[in-house]
K.L.:
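Here it is, the structure in full.
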Amino acid sequence: MALTATEALLHPSPAWWPGLWPGAWVLTAVLLAAWAALRALQKHSLRRAAEDEGDGTPDGTPDDTPQQRSGSYDQAA
């Protein structure tokens, strides 16, 4: 957004600007893809660690608690 504002307000004319403008968008796409890949790896490792502990779910709660079986809603989440 800062680059868009700079272009809209200042209309930069240096020779390097046409190369910088698409480069910023490419960098944004690369960083987004890297973040998504790293987040997927993190989630996978957390799930694997939870399964290795034998809990069955990533948050450590058993798969079938008495509250889930009885359908009671008297406890806070």
Side-chain angles (χ1 to χ4, degrees):
M1 288 192 324
L3 291 174
T4 302
T6 301
E7 186 179 36
L9 296 173
L10 302 178
H11 300 290
S13 59
W16 50 265
W17 183 255
L20 178 69
W21 181 247
W25 289 106
V26 169
L27 180 63
T28 300
V30 168
L31 290 175
L32 180 64
W35 174 82
L38 289 172
R39 181 67 176 139
L41 286 172
Q42 180 188 28
K43 283 186 169 191
H44 179 70
S45 66
L46 289 174
R47 285 190 182 116
R48 176 172 275 167
E51 289 174 0
D52 288 345
E53 291 176 2
D55 294 334
T57 58
D59 61 356
T61 58
D63 288 333
D64 193 23
T65 61
Q67 288 83 16
Q68 290 173 341
R69 285 191 303 245
S70 66
S72 63
Y73 294 100
D74 59 343
Q75 294 181 350

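Sequence positions, counted from 1, serve as the residue numbers for this chain. Everything numeric here is computed off the predicted structure, so don't read it as measured data.
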K.L.:
CD of Glu53 to CD of Glu51: how many Å apart, nearest 0.5 Å?
P.N.:
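Rounded to the nearest 0.5 Å, the CD-CD separation comes to 11.0 Å.
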K.L.:
Atom NZ of Lys43 and atom CG of Leu38: how far apart are they, to the nearest 0.5 Å?
P.N.:
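Here the rounded value is 13.5 Å.
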K.L.:
Does the side chain of Thr28 reach to within under 4.5 Å of the side chain of Leu32, using non-hydrogen atoms?
P.N.:
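Not in contact.
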